[in-house]
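Worksheet for the structure shown next.
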Amino acid sequence: MFNNIELKWLYDAVMLEELRSFTLAAEKRNISQSSFSRRIQALEHAIGFEIFIRSSNPLQLSLQGKSFIVYVRNLLGDIEHQIGKIKGEEISKHRINIAAAHSLAISLLPVFISGFTEKMDKIFNVESINVDEAVNNLKDGKSDFILSFFNEELMAAPFLHYKVLDARLYLVSGCKSDGEPSYRLDYTPLPLMKYTDGSYMGRQVNQLLEKKFSNKFTYFFQSSMSELLKRMVLNGHGVGWLPDYSIYEELKNRQLSILDPGNTSIKMGVYIYRTHFRLNPSSERFWQYIRQGENSERK
């Protein structure tokens with residue numbers, strides 16, 4: 001049955017997934033809507049399941065369709081790449097799409113990317129978006145990887161994960177000119193530069209606040225971006241929990257000081273996630289590079 005599948009049908013399906021409209025997708029593919037609809041039906045008949053749920057508005061992928069579109073998008077990209085290579089043309093670069101938590105995109109991802117130097121057949125496309133949106137993009141094949149923190153939904157099939165770092169959140173204060181902290185934990189109340197409640201770090205900090213530091217802090221500034229909170233702490237507006245990987249230089253230069261690390265630190269794992277479907281060759285090499293890097297750290 002699979003030998004009856006036409007390549008143009010696969011391009012049709014990818015276009016329909018992107019636009020979620022038969023009218024717009026048919027126009028983009030330069031055919032009539034009726035012909036386009038028949039081609040999608042022929043593809044679904046050939047593979048034996050519905051790719052799209054037509055009763056939903058807007059159009060949605062079926063559960064099987066989500067897996068299928070991820071596979072087809074990578075398959076078509078690889079076919080185009082290999083044909084260009086055989087023809088001796090200038091090789092189009094594979095795109096490695098990464099969605100990353102804001103603090104990780106700024107502090108860690110540049111290190112990972114700079115170490116991945118083999119071959120120049122790739123373009124990194126990095127977006128810092130909220131975790132829920134990133135998870136949906138990963139499911140739909142719009143992102144190859146998510147660099148983020150522990151996410152229970154992504155720890156089981158059809159996803160793969162690798163822990164790349166054990167990190168900690170530390171409560172820190174800015175420092176005076178003599179290197180001494182501007183605030184101390186016994187000051188009451190302490191002005192806290194706070195994470196938004198819906199953010200991952202916000203949830204971790206809120207749990208510790210409820211457990212150990214009820215009514216210890218006052219709040220007047222909040223954000224989901226740790227780099228912005230760090231700037232507020234450095235400018236002397238109060239204290240805040242900041243990830244260790246983002247404050248190495250400031251601690252070394254005595255611009256920041258950790259307050260009571262034994263009681264205020266919060267452990268958190270940093271993971272890279274992907275689906276189990278095969279990615280383009282550059283993305284697969286990047287996955288192996290990350291895994292090998294972690295294994296060498298553990299040895």
Side-chain angles (χ1 to χ4, degrees), residues 96-116 124-135 137-138 143 145-151 163-177 179 181-183 185 190-209 213 217-261 264-273 290:
I96 301 176
N97 297 304
I98 304 175
H102 183 263
S103 66
L104 299 175
I106 292 175
S107 300
L108 290 184
L109 197 54
V111 178
F112 294 153
I113 290 174
S114 64
F116 183 57
F124 283 98
N125 180 49
V126 179
E127 291 190 29
S128 177
I129 55 180
N130 69 60
V131 174
D132 291 338
E133 186 179 353
V135 170
N137 283 353
L138 189 64
S143 292
F145 303 103
I146 296 177
L147 182 64
S148 188
F149 306 102
F150 177 84
N151 185 302
K163 182 187 277 191
V164 297
L165 184 69
D166 280 316
R168 285 188 178 274
L169 283 170
Y170 286 113
L171 181 64
V172 298
S173 165
C175 293
K176 304 172 188 175
S177 58
S182 301
Y183 297 91
L185 197 56
L190 268 173
L192 177 65
M193 304 300 105
K194 191 175 185 294
Y195 290 102
T196 52
D197 293 336
S199 66
Y200 174 83
M201 292 184 184
R203 293 193 293 271
Q204 306 311 304
V205 171
N206 284 346
Q207 289 178 15
L208 184 62
L209 289 175
F213 300 108
F217 299 93
T218 58
Y219 319 118
F220 82 95
F221 187 88
Q222 67 175 4
S223 173
S224 62
M225 297 182 288
S226 62
E227 287 297 312
L228 180 53
L229 297 183
K230 181 171 81 170
R231 180 54 50 193
M232 294 295 290
V233 172
L234 285 168
N235 288 345
H237 294 290
V239 299
W241 268 272
L242 297 174
D244 54 3
Y245 53 76
S246 73
I247 56 175
Y248 289 134
E249 289 301 315
E250 290 82 4
L251 290 173
K252 185 170 123 181
N253 297 331
R254 299 183 71 185
Q255 295 173 278
L256 291 176
S257 178
I258 298 175
L259 304 181
D260 193 5
T264 65
S265 69
I266 302 170
K267 186 177 180 180
M268 56 184 186
V270 178
Y271 295 83
I272 189 165
Y273 302 96
I290 292 294

- Message: Could you tell me if the side chain of Val164 sits less than 4.5 Å from the side chain of Leu108, heavy atoms only?
- Response: no
- Using side-chain contact (heavy atoms from CB on, under 4.5 Å) as the criterion, list what pairs up with Ser223, not counting sequence neighbours. Phe221, Met225, Leu228, Leu229
- So how far is it from Ser246 OG to Leu104 CG, rounded to the nearest 0.5 Å? 9.5 Å
- Task: Could you pull out the closest heavy-atom pair between Phe217 and Tyr219, with the gap in Å?
- Result: CB-CE2, 3.8 Å
- Message: Do Pro243 and Ser107 have side chains that approach each other closer than 4.5 Å (heavy atoms only, starting at C-beta)?
- Response: no
- Message: Return the CZ to CG distance between Phe112 and Leu147, rounded to the nearest 0.5 Å.
- Response: 6.0 Å
- Query: Are Gln204 and Phe149 side-chain neighbours, meaning at least one heavy-atom pair lies under 4.5 Å?
  - Reply: no
- Query: Taking only residues two or more places apart in sequence, or in another chain, which ones meet Lys267 in a side-chain contact (heavy atoms from CB on, under 4.5 Å)?
  - Reply: Asp166, Arg168
- Query: Checking Ser173 side chain against Ser257 main chain: does a donor-acceptor pair fall under 3.5 Å?
  - Reply: no
- Smallest heavy-atom separation, Ala167 atom then Asp244 atom, equals CB-OD1, 3.6 Å
- Hey, does Leu171 have a side-chain heavy atom less than 4.5 Å from the side chain of Asp260? no
- Message: A side-chain contact here means heavy atoms from C-beta on lying under 4.5 Å apart; do Leu208 and Leu169 qualify?
- Response: no
- Would you call the rings of Phe124 and Phe116 parallel, tilted or perpendicular, where under 30° means parallel and over 60° means perpendicular? perpendicular
- Taking only residues two or more places apart in sequence or in another chain, which ones pass salt bridge (charged side-chain N to carboxylate O under 4.0 Å, His left out) with Glu227? Lys230
- Query: Does some side-chain heavy atom of Leu192 sit less than 4.5 Å from a side-chain heavy atom of Leu209?
  - Reply: yes
- Query: Is any side-chain heavy atom of Asn151 less than 4.5 Å from a side-chain heavy atom of Ile146?
  - Reply: no
- Query: Excluding sequence neighbours, so at least two apart, what forms side-chain contact (heavy atoms from CB on, under 4.5 Å) with Pro261?
  - Reply: Tyr170, Ile258
- Query: How would you list, by chain and number, every residue that makes a side-chain contact (heavy atoms from CB on, under 4.5 Å) with Ser199, sequence neighbours excluded?
  - Reply: Tyr195, Thr196, Ser224
- Item | Distance, nearest 0.5 Å, that separates OH of Tyr183 from CG of Leu259 | 11.5 Å
- For Asp197, which residues count as a salt bridge (charged side-chain N to carboxylate O under 4.0 Å, His left out) partner, sequence neighbours excluded? Lys194
